[in-house]
2 protein chains.
Amino acid sequence: MAKISTRQQRIIDYIKGYRREHGYAPSVRDIQIACDISSTSVVDYNLRILQREGVIRRSPDISRGLELVDDDRGGAVEVVSVPIIGAIAAGAPLPVVTSDILQSEGLETVGLPPELTPRVASDLYALRVKGYSMIDALIDDGDVVVLRRTPDIRNGDMVAAWLRAEEEATLKRLYREGDHIRLQPANVQMQPIVVPATNVEVHGKVVAVIRRLE
Amino acid sequence: MAKISTRQQRIIDYIKGYRREHGYAPSVRDIQIACDISSTSVVDYNLRILQREGVIRRSPDISRGLELVDDDRGGAVEVVSVPIIGAIAAGAPLPVVTSDILQSEGLETVGLPPELTPRVASDLYALRVKGYSMIDALIDDGDVVVLRRTPDIRNGDMVAAWLRAEEEATLKRLYREGDHIRLQPANVQMQPIVVPATNVEVHGKVVAVIRRLE
DNA sequence: GTTTGTTCCAAACAAACGTTCTATCGCCCA
DNA sequence: TGGGCGATAGAACGTTTGTTTGGAACAAAC
């Protein structure tokens, strides 16, 4: 995998912007002019390289038959709809996540852009945060947290945890320390808490937080 | 508003499918063959009608310069790409937002799902937060804030403000109080600051905050 | 019955466009 | 010194493709 030159990066950026603005790809000559290239052959030369590197896809002899492989298709993309299966709040149990629930209808959903979407979206779900108890995780009342149901929790992952003894749900970074677990707030100004591992139920890993204002 | 004929509907469907499959629009002759039309002029004639009806947009003399105006792309939803024009950090000036910048190429972008997108997206831009100085707005290092450039700032709106005297950028809720402005942190545990109105440059209204983990 | 508007045809034209050919320049290396 | 190579040029070529022209069939309006 070779590197991508400044000029090639500029071409990519131009194509991306052009597609966003026009809804179709620029011609070779459009690229030539926009990127200050003296000849269409040089554009072709660089496009050939970008194609070899897998950055773009070209359809031979087709006008503007140019696609970005790692595409946002010029603005239109499949948005993954993730169901908001309930709320998370201190003192209220976390909703149990089952496949049934994930596939059930009628739930409010939140659309995730591709940047926020991991390869597999089927085990994603979302919770709406109630109250201000998650504020040490920099999460406000009304925010939506997107989680992935996974057994693969690593040290440092932000997780949704249920503390049995305290009867409290919380969003914190998790670190295993022997038979205890340290829960570290996202807010660097705040102190971590350490609890016995048996006191913690991990319900999912936080993938994203979305706050809508206005 | 005239009706859309069977033939025209077939053309629309074909364009939609072709775009989904190829990433670019079909040519007039592609349409001609696919829709069993004997002449390209007939295709042109019908495209002209579809354009008049506002169903499609055409760019004259541009190969495959064909867009579907109200395109949900067969189930996929339009994601608005918003450029991340820079960073926001205390002590660093906010990037000046101009139309040029908004339309310039080569910027990293963030895709916004429809729920986060207001009717008009053209004056949206995004900033990536550097450092922990925005933590009282519940915003972490690395978060992306989506802003709208608008003169219509109302009391209680969350804004990106530049404090001239302090040389500090900040994200807070804004309240006008006579010739002073009160900036209220989103974090309910923290105290507001009050500054002279002349000391504040408002650079935009915060529309959404997106935090990506994992 | 003529007019008028719509829809459709076939062919030709000209602009847009991808591709290719040849040549040049700088750079590394034997 | 010279050959190989990546990158760049300028121009020409031939296809793709949007557009136009002149006409015909048909139905509704007058």
Side-chain angles (χ1 to χ4, degrees), chain A residues 1-19 21-69 71 74, chain B residues 1-19 21-69 105-106:
Chain A
M1 170 72 84
K3 62 197 171 295
I4 281 164
S5 73
T6 310
R7 176 166 272 184
Q8 285 155 15
Q9 186 59 52
R10 189 170 171 193
I11 292 175
I12 294 172
D13 293 337
Y14 175 68
I15 295 173
K16 196 178 295 184
Y18 191 101
R19 290 204 55 136
E21 187 175 350
H22 295 90
Y24 46 82
S27 68
V28 170
R29 282 171 182 79
D30 289 334
I31 298 172
Q32 180 197 352
I33 294 169
C35 298
D36 287 320
I37 299 173
S38 63
S39 171
T40 58
S41 66
V42 178
V43 177
D44 181 70
Y45 170 76
N46 284 287
L47 288 179
R48 211 175 287 268
I49 293 174
L50 289 175
Q51 184 178 26
R52 167 161 49 80
E53 296 301 322
V55 181
I56 63 171
R57 201 176 312 131
R58 298 179 79 187
S59 303
D61 298 323
I62 298 285
S63 293
R64 300 164 186 270
L66 205 52
E67 292 176 85
L68 295 166
V69 171
D71 69 328
Chain B
M1 170 71 86
K3 64 210 169 285
I4 283 166
S5 72
T6 311
R7 175 166 273 184
Q8 285 157 14
Q9 187 57 52
R10 189 171 171 191
I11 292 175
I12 293 172
D13 293 339
Y14 176 68
I15 295 173
K16 197 177 294 187
Y18 191 101
R19 289 203 57 135
E21 185 175 353
H22 295 90
Y24 46 81
S27 68
V28 171
R29 282 170 183 78
D30 289 334
I31 298 173
Q32 180 197 352
I33 294 169
C35 299
D36 288 321
I37 300 174
S38 61
S39 170
T40 58
S41 67
V42 179
V43 177
D44 180 71
Y45 167 77
N46 284 286
L47 288 180
R48 209 175 289 267
I49 293 174
L50 289 174
Q51 183 179 26
R52 168 161 46 81
E53 297 301 321
V55 181
I56 63 172
R57 202 176 314 129
R58 299 178 77 186
S59 303
D61 298 325
I62 299 286
S63 295
R64 299 165 187 271
L66 204 51
E67 294 175 83
L68 295 166
V69 171
E105 322 286 346

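Just so we're clear, the structure is a prediction, and the values are computed from it rather than from any experiment. Order of the sequence lines sets the chain letters (A, B, ...), proteins ahead of strands, with each chain counted from 1. What you see below is based on every heavy atom in this structure, not just the backbone, and it leaves out hydrogens, waters and symmetry mates.
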Asks: So, are B:D36 and B:R7 salt-bridged, with charged N and O less than 4.0 Å apart?
Replies: no
Asks: Applying side chain to side chain donor-acceptor pair (under 3.5 Å), run through A:S59 and B:Y24 and close with a yes or a no.
Replies: CA-CA 10 Å; A:S59 303; B:Y24 46 81; 2.6 Å; yes
Asks: Which residues in residues 28-39 of chain A have at least one heavy atom lying under 4.0 Å from any atom of DNA chain C?
Replies: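 Contacts with DNA chain C under 4.0 Å: A:V28, A:R29.
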Asks: Nearest 0.5 Å, what's the CD1-CG distance between A:I31 and A:L47?
Replies: 5.0 Å
Asks: For a quick test of reading the model: is some side-chain N or O of A:R52 closer than 4.0 Å to OP1 or OP2 of D:dG6?
Replies: no
Asks: Can you measure B:D44 atom CG to D:dT20 atom P for me and round it to whole angstrom units?
Replies: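 From B:D44 CG to D:dT20 P: 7 Å.
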Asks: To the nearest Å, give me how far apart CZ (B:R64) and P (C:dA15) are.
Replies: 21 Å
Asks: Ignoring hydrogens and geometry beyond distance, is the side chain of A:S27 in donor-acceptor contact with the base of C:dA16 at under 3.5 Å?
Replies: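 No pair found.
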Asks: Send over the distance from B:R7 CZ to C:dT7 P, rounded to a whole Å.
Replies: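 Interatomic distance, CZ of B:R7 to P of C:dT7: 11 Å.
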Asks: Can you check whether B:D30 reaches B:R64 side chain to side chain, under 4.5 Å on heavy atoms?
Replies: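 With C-beta onward as the side chain, the pair touches.
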Asks: As a test of reading the structure: which of C:dT6, D:dA7, C:dT20 is closest to the side chain of B:Y45, going by heavy atoms?
Replies: C:dT6
Asks: Out of D:dA9, C:dC17, D:dT19, which nucleotide sits closest to the side chain of B:D61?
Replies: D:dT19
Asks: With a 3.5 Å cut-off and heavy atoms only, can you find an N or O donor on one side and an acceptor on the other between the side chain of B:T40 and the base of D:dT19?
Replies: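 Yes.
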Asks: Once you round it to whole Å, what is the distance between C1' of C:dT19 and CD of A:Q51?
Replies: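 These atoms are roughly 13 Å apart.
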Asks: In whole angstroms, how far is the C1' atom of D:dT21 from the CZ atom of B:R48?
Replies: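 Distance check: B:R48 CZ to D:dT21 C1' gives 12 Å.
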Asks: Could you state the atom-to-atom distance from CD1 of B:I62 to C1' of C:dC17 in whole Å?
Replies: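 In whole Å, C:dC17 C1' lies 10 Å from B:I62 CD1.
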Asks: Is the shortest side-chain N/O distance from A:N46 to OP1 or OP2 of D:dT8 below 4.0 Å?
Replies: yes
Asks: Between D:dT19 atom C1' and B:L47 atom CG, what is the distance in whole Å?
Replies: 12 Å
Asks: Assign each of A:G65 and B:V42 to its nearest nucleotide of DNA chain C by heavy atoms, then name whichever residue's nucleotide is nearer the 5' end.
Replies: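 The 5'-side residue here is B:V42.
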Asks: Starting at atom CG of A:L50, determine the distance to atom P of C:dG18, rounded to an integer number of angstrom.
Replies: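 Taking atom P of C:dG18 as the reference, CG of A:L50 is at 15 Å.
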